[in-house]
Amino acid sequence: MGACLALCSLASCASCLCGSAPCLLCGCCCCSSNNSTITRLVFSFFLLLGTLVSVIMILPGMETELRKIPGFCQGGSAIPGFENQVNCDVIVGYKSVYRMCFAMTCFFFLFAAIMIRVRSSKDPRAPIQNGFWFFKFLILIGITVGAFFIPDGTFPTVWFYFGVVGSFIFILIQLILLIDFAHSWNKAWVENAEDGDNKCWFAGLLSFTLLHYALAFTAVVLFYVYYTQPDDCTEHKVFISLNLILCIIISIVSILPKIQEAQPQSGLLQASLISLYTMYVTWSAMTNNPNRNCNPSLLSIVSNINTTEPSGDGTQGQVQWWDAQSIVGLLIFLFCTLYASIRSSSNTQVNKLMQTEEGRGSGGEGVVGEDGKLRAMDDEEEKVSYSYSVFHFHLCLASLYIMMTLTNWYQPETTTQAMHSSMPAVWVKMSSSWLGLGLYLWTLVAPLIFPNRDFN
């Protein structure tokens with residue numbers, strides 16, 4: 001009897017997996033979200049699932065199982081120039097992450113290409129976007145399995161540069177999403193304060209603004225203390241000082257009378273959040289500096305252990321699988337991915353950049369299906385609420401960012417001693433922070449430069 005019930009349950013789940021997004025997420029419970037939101041959440045779940053698998057692959061102890069893959073790591077490394085130079089137990093985890101993220105990138109790029117110029121849910125390709133989840137999962141598994149049999153050759157090196165470019169773009173997208181989140185946050189709390197005549201909302205905005213600035217200033221002080229030396233680390237001194245000056249500039253500009261007149265919703269909350277994120281990117285860049293005098297590990301900072309001296313026997317030290325900036329980077333990635341899936345913004349500039357419609361996010365009344373259950377509402381019969389291709393391309397870039405974050409921007413040509421440090425990563429991250437600050441400054445001054453255009 002139990003076996004029969006189990007088979008019936010599996011059959012029900014299989015029908016949902018082959019069906020639409022509303023069936024997949026709402027078949028067993030009441031659901032009041034829009035179809036477009038649920039679809040984005042499911043695709044985001046695919047990305048998070050791949051991220052989890054990648055994390056597991058670099059955990060200590062997994063290298064034993066990964067080495068069983070034929071030709072994956074026999075007699076050292078198969079990468080030209082690496083023979084007898086690397087520890088296979090170290091590099092096999094990184095090779096696995098490269099291939100797992102390659103599979104996710106190909107998967108999302110495939111759907112980005114298929115969904116070009118889909119205008120509404122009436123398009124014959126729309127059911128592919130919003131359904132057939134079981135087959136999509138099989139496609140992702142198939143690409144992943146095939147990726148593990150890609151010969152090394154130049155693959156790691158070429159894919160590293162793809163990862164660098166994709167991560168650079170994704171960092172900018174994260175900044176755009178944070179700007180949009182801060183605008184929506186500020187607008188919602190100001191409206192609550194004005195409608196309810198409750199000053200507690202203003203107090204909350206002031207508290208979070210001060211908290212962001214306090215954390216950013218504390219970070220600057222710690223950077224000067226631990227990531228600079230009196231006679232060394234000139235690049236770090238320039239990075240910290242320049243970004244501090246730029247953060248002060250955007251904070252002042254955001255509250256200028258002319259800016260407030262053109263954009264009443266701009267303010268210090270957005271500037272404080274951007275300043276804090278800029279300090280994170282600065283810290284992340286400095287942790288990739290190969291000069292250990294300028295890049296102490298978090299363990300050495302906390303316990304005052306000197307890690308800049310090489311081991312006396314010349315052997316390679318144990319690889320640090322996780323560091324603080326990678327964990328923080330993953331948390332920001334998770335937040336931005338979830339926010340991109342459920343966002344409902346009235347910011348015209350951000351909506352144009354992200355190819356989404358105003359005010360068409362997670363809200364929805366739901367409809368009752370033929371079986372009497374509440375289903376998600378199809379909110380895209382007339383027009384899609386977001387660009388399918390842009391959304392998939394965003395997830396494609398996110399896959400590359402995850403690859404670079406989990407491998408600490410490891411560059412395949414280098415030895416394992418430089419596995420966590422490379423100057424290209426430093427300059428990519430710093431240039432993305434400068435470009436991001438410039439982009440935010442542009443959002444402030446653009447309404448003054450082009451007064452006849454709508455920037456609300």
Side-chain angles (χ1 to χ4, degrees), residues 164-186 208-224 227-228 235-256 258-260 262-263 265-289 325 328-329 332-333 335-336 339-340 345 347 349-350 352-354 397 401 424-450 455:
V164 168
V165 175
S167 298
F168 174 81
I169 301 174
F170 186 76
I171 291 174
L172 294 179
I173 292 177
Q174 283 190 143
L175 182 59
I176 293 172
L177 292 173
L178 287 175
I179 293 173
D180 179 56
F181 170 74
H183 274 293
S184 301
W185 180 8
N186 182 76
F208 277 102
T209 301
L210 293 176
L211 176 62
H212 294 159
Y213 276 124
L215 291 175
F217 179 76
T218 302
V220 170
V221 174
L222 293 177
F223 294 163
Y224 277 120
Y227 290 91
T228 62
E235 298 93 340
H236 286 190
K237 296 174 185 177
V238 173
F239 293 158
I240 300 168
S241 302
L242 182 58
N243 277 358
L244 175 61
I245 294 173
L246 291 175
C247 289
I248 293 175
I249 290 175
I250 64 170
S251 299
I252 295 175
V253 170
S254 67
I255 56 175
L256 290 176
K258 289 289 186 180
I259 299 296
Q260 288 291 308
Q263 290 199 83
Q265 297 299 330
S266 67
L268 290 177
L269 177 66
Q270 296 93 314
S272 66
L273 186 60
I274 299 308
S275 298
L276 183 59
Y277 180 74
T278 299
M279 291 306 154
Y280 157 72
V281 176
T282 305
W283 172 49
S284 178
M286 292 188 298
T287 57
N288 283 113
N289 193 332
Q325 67 93 7
V328 175
I332 296 176
F333 155 78
F335 169 79
C336 290
Y339 181 67
S345 175
N347 191 305
Q349 299 178 72
V350 177
K352 288 181 179 178
L353 287 171
M354 300 301 294
L397 296 175
Y401 174 78
V426 176
W427 290 107
V428 166
K429 292 179 180 180
M430 289 308 305
S431 58
S432 67
S433 71
W434 298 330
L435 188 57
L437 288 170
L439 181 63
Y440 177 64
L441 184 61
W442 171 253
T443 64
L444 295 176
V445 303
L448 297 179
I449 301 176
F450 301 102
F455 288 96

Taking only residues two or more places apart in sequence, or in another chain, which ones meet [X] in a side-chain contact (heavy atoms from CB on, under 4.5 Å)?
| X | value |
| --- | --- |
| Ser167 | Tyr401, Met404, Trp409 |
| Leu210 | Leu206 |
| Ile449 | Trp442, Val445 |
| Leu222 | Thr218, Tyr226 |

Can you name the side chain to side chain donor-acceptor pair (under 3.5 Å) partners of [X], sequence neighbours left out?
| X | value |
| --- | --- |
| Trp427 | none |
| Thr282 | Asn243 |
| Ser241 | Tyr224 |
| Thr228 | none |

Check whether any side-chain heavy atom of Phe181 lies under 4.5 Å from a side-chain heavy atom of Phe335, and answer yes or no.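 Phe181 reaches Phe335 side chain to side chain.
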
Taking C-beta and beyond as the side chain, do Val165 and Ile169 meet within less than 4.5 Å on heavy atoms?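 Touching, per the 4.5 Å side-chain cut-off.
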
Not counting sequence neighbours, which residues clear ring pair (Phe, Tyr, Trp, His ring centres under 6.0 Å) with [X]? List them please.
| X | result |
| --- | --- |
| Tyr213 | none |
| Tyr440 | none |
| Phe208 | Trp185, Trp189 |

Once you measure the plane-to-plane angle for Tyr277 and Tyr280, does it fall in the parallel (<30°), tilted (30-60°) or perpendicular (>60°) bin?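 Judged by the thresholds at 30° and 60°, the geometry between Tyr277 and Tyr280 is tilted.
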
